[in-house]
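A short worksheet on the structure shown next.
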Amino acid sequence: MNNTQQDDREGRIKKKIFDRFEDETAQEIKNLKSRPDFSPELEYFVDLLAAGRDPATISERTGRPVVALMCLQAPLELFHVFGLQPFKIFGGAMVSQRLSAPQLPAIMCPMLRSALGELQLDLAGQKGQRFLAWVAPTTCDWVVKIQDMMEVCGIKEKPPFHRLELPHMKDRDESQERWLEEVYLLKNFLSQLTGQKKIKRQALANSMSLYQKSWHVFSKLIDLKRIGLVPELWFMVISNSFFFDDVEKWTTAVEKALLTFKTKNESPDIFLAGSPIFFPNLKMLHLLEEAGLNVSMDDLCSSERIFPGAVYFDDVSEHGLLKALAQRYHQGCLCPTFADNDRRINNIIAPAHKDLFKGVVFHVLKGCHPFDLESLTLESRLKDQGLKFIKLETDYTSEDSQTLLTRLEAYRSALTN
Ligand code: SF4
């Protein structure tokens, strides 16, 4: 096969996968909009997800150049104060991984395999705008190696790439000092990227207030979820769309959406832990509903964990603000890639959470080693507390849906008997 034939063949495969990618997205949008609990207040979030996640679309909406972000530890307020839109890369489409799979290890994080496949579709190139830069905190091995994987997949993104070396022992003073240095290095990187030599202390404080307000409104939504008023499916749609718009506009929309949730779900409550779930692959949430289980709490990085919590500071100097941000993003993060991670498990079994759920559903994507490993210790700790535990390992496919549903139905019976 000569080069032209090879290019034609690749073009045809990409076109086919792109069409299916659009179908998969449209199908989930249709599912969401045809639900009896869909309301005009939720339309904003669904439309954000439906409009796509290429840099041109996000930049046009926010009026800011877009920087791709690989994990949540980099302070979002820093991007904001430099006039940038941080956009966390999640892959959600099942079909896009067919493009990237032949170049990648057979068992790897399907969420990133899907994201890489989506990048191979090169929607950014077609719309004439790429990410201005890539920022990757070194969390799990798949994220550490993302740039290499982009290269082997022939992804055309070639922007500046900045890594933040994440100290994996977060309770040590030395680690916190090192992380603060990384936050300073990020600030220098963003400064060079934008040509903005300095940031005004007051501007940084303003950006911090905006995100603080956003977290506050999001916390109200979490409170409603805790008492069974917000279905996890809608909660996921709202949190998944966080990076798709200007933080203020998204916050205002969440504030309005608070009024739409009025019906209490009386199904048994569970805690949903584990690997992220991202649109349009909402399979697990549909199955939980079908099995008659209500998620009152979760710790997914695509859901409740998008905010590490409030930022507290007394020192209003630039150093004081950066230190407060560094502390919050490092100390507040409950990612399983940390070695001293008792706080993550304690968060689930905290006495304050005792009456909020009866058991834990642990969602593990095949190849997501940090969560897979964590499930080993978590199960015995939960059982000691009298909590029922089920681990569901799955991939980006719908073929295992019936098996998962059968297991969830059995788990529900065990919870209610
Ligand atoms: S922690 Fe798991 S889901 Fe997240 S990037 Fe790593 S392997 Fe993928």
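Just so you know, these numbers use all the heavy atoms, side chains as well, and skip hydrogens, waters and symmetry mates. In each ligand, atom 1 is the first atom listed, and ligand 1 is the first ligand listed.
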Review point. By side chain to side chain contact (heavy atoms under 4.5 Å, CB included), which residues pair with Glu28, not counting sequence neighbours?
Key: Asn31, Leu32, Phe279, Pro280, Leu282, His286
Point to revise | Whether Gln126 side chain and Leu121 backbone form a donor-acceptor pair below 3.5 Å | key: yes
Review point. Tell me, which protein N/O/S atoms are under 2.8 Å away from atom 6 (Fe) of ligand 1?
Key: Cys140 SG
**Study point:** Enumerated ligand 1 atoms positioned under 4.0 Å from heavy atoms of Pro276
**Key:** 3 (S)
Point to revise | Contact summary for Phe244 and Leu48, nearest pair of heavy atoms | key: CD2-O, 3.4 Å
Check your understanding: Between Phe389 and Phe362, how do the two ring planes meet: parallel, tilted or perpendicular, split at 30° and 60°?
Key -> tilted
Review point. For the residue pair Glu118 and Ser96, what are the closest heavy atoms and their distance?
Key: N-CB, 3.7 Å
Check your understanding: So among Val230, Leu293, Ile227, Asn294, which one has a side-chain contact (heavy atoms from CB on, under 4.5 Å) with Asn265?
Key -> Asn294
